[in-house]
Amino acid sequence: IVTTGALNSGSITSGFGAIDNGSSNITTTGVGTFGSLDISGDIDVDGTTNLDVVDIDGAVDMASTLTVAGAFTSVGIDDNADANAITIDSSERILIGTTAAETLAPSTTPKVQIEGTDHHTSALSIIRNSNDNGQSLLILGKSRGTSVGADTVVQDDDGVGEILFTASDGSDRTPQVASVRASVDG
């Protein structure tokens, strides 16, 4: 079907082949149902779009918020996407180098997990570059508050932070082999 004007035909069923509309827009006030839709130009959506599966081969430019219900997995951040670069799962955990959250010592499933096979892929760095005497920070904190942002005073012997060292025993990674712990004294 080739048209340069309005197409008023009620419905178009399979067997008609391609619809060539030239450079004109195709507008519908109803629902379009397609087995497959190949768009080589821009898509402009002013309302809500509900898609089951989206495969995008090019760049995505978002001027607003992207909301994902459930897990989000990036197959790569660059053109050499040969592994999952980052996953944000449905429990809001950030997983780098893995798509499955791991429970570690003692019965803790961390919100941020990095997993790799060498020192390059299994490392975290915090580096400060500034022309002053300032340093990088890793801050572990504690409040007796019961809500996010609470500043309730801590008490004697409260643990403030701990660094745990764990090793796999062949079935999981919960065995703790060493720790550094800071507690309130006074």
Side-chain angles (χ1 to χ4, degrees), residues 39 42-130 134-155 157-184:
I39 299 172
D42 296 337
I43 299 174
D44 184 7
V45 178
D46 293 327
T48 300
T49 301
N50 196 355
L51 305 169
D52 293 331
V53 177
V54 178
D55 184 5
I56 300 172
D57 294 328
V60 176
D61 184 8
M62 303 224 24
S64 187
T65 303
L66 172 66
T67 302
V68 178
F72 168 80
T73 300
S74 167
V75 182
I77 304 300
D78 56 30
D79 293 336
N80 298 319
D82 55 354
N84 290 326
I86 188 168
T87 297
I88 302 172
D89 71 10
S90 59
S91 296
E92 300 176 352
R93 292 180 293 240
I94 299 171
L95 310 171
I96 300 170
T98 183
T99 58
E102 183 85 24
T103 299
L104 305 171
S107 302
T108 301
T109 307
K111 284 293 217 178
V112 178
Q113 298 183 27
I114 300 171
E115 186 156 341
T117 56
D118 60 25
H119 67 276
H120 298 290
T121 59
S122 306
L124 170 69
S125 68
I126 303 172
I127 299 170
R128 176 177 172 157
N129 295 290
S130 61
Q135 68 282 341
S136 297
L137 298 172
L138 174 61
I139 300 171
L140 306 177
K142 162 74 175 171
S143 164
R144 281 267 178 154
T146 58
S147 62
V148 173
D151 285 318
T152 305
V153 67
V154 294
Q155 296 179 14
D157 294 327
D158 278 0
V160 175
E162 187 169 13
I163 300 173
L164 301 177
F165 299 86
T166 65
S168 176
D169 63 3
S171 63
D172 60 32
R173 301 173 195 174
T174 60
Q176 183 176 323
V177 296
S179 68
V180 177
R181 180 183 166 108
S183 300
V184 176

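Throughout, numbering of the chain's residues begins at 1 and tracks the sequence. Just so it is clear, the model here is predicted, and its values are computed rather than measured.
Contact annotation: the side chain of D172 never approaches that of T103 to less than 4.5 Å [non-hydrogen atoms, C-beta and beyond]. With contacts defined as side-chain heavy-atom distances shorter than 4.5 Å, the pair V160/L140 does not qualify. A heavy-atom distance below 4.5 Å is found between the side chains of L137 and Q135. No side-chain heavy atom of S183 sits less than 4.5 Å from a side-chain heavy atom of D157.
Paired with K142 under the rule side chain to side chain contact (heavy atoms under 4.5 Å, CB included), one option of V184, T152, V154 passes, and it is V154.
Heavy-atom minimum distance, T117 versus S122: N-OG, 3.7 Å.
Separating the CD atom in Q113 from the CD atom in E102 is a distance of 7.0 Å, to the nearest 0.5 Å. Between the OG1 atom in T98 and the CD1 atom in I114 there is a gap of 12.0 Å [rounded to 0.5 Å]. Between the CG atom in D89 and the OG1 atom in T109 there is a gap of 10.0 Å [rounded to 0.5 Å]. Expressed to the nearest 0.5 Å, how far CD of Q176 lies from CD of E162 amounts to 6.0 Å. Annotation: the span from L164 atom CG to T108 atom OG1 amounts to 7.5 Å, rounded to 0.5 Å. Note that CG of L104 and OG1 of T174 are 8.5 Å apart. Values are rounded to the nearest 0.5 Å.
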Checklist entry - How far apart are the C-alpha atoms of I86 and I94, what are their side-chain angles, what is the distance that settles it, and do they pass the side-chain contact (heavy atoms from CB on, under 4.5 Å) test? => result CA-CA 7 Å; I86 188 168; I94 299 171; 3.8 Å; yes
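Remark: side-chain polar atoms of S143 are paired, donor with acceptor, to backbone N or O of G145 under 3.5 angstrom.
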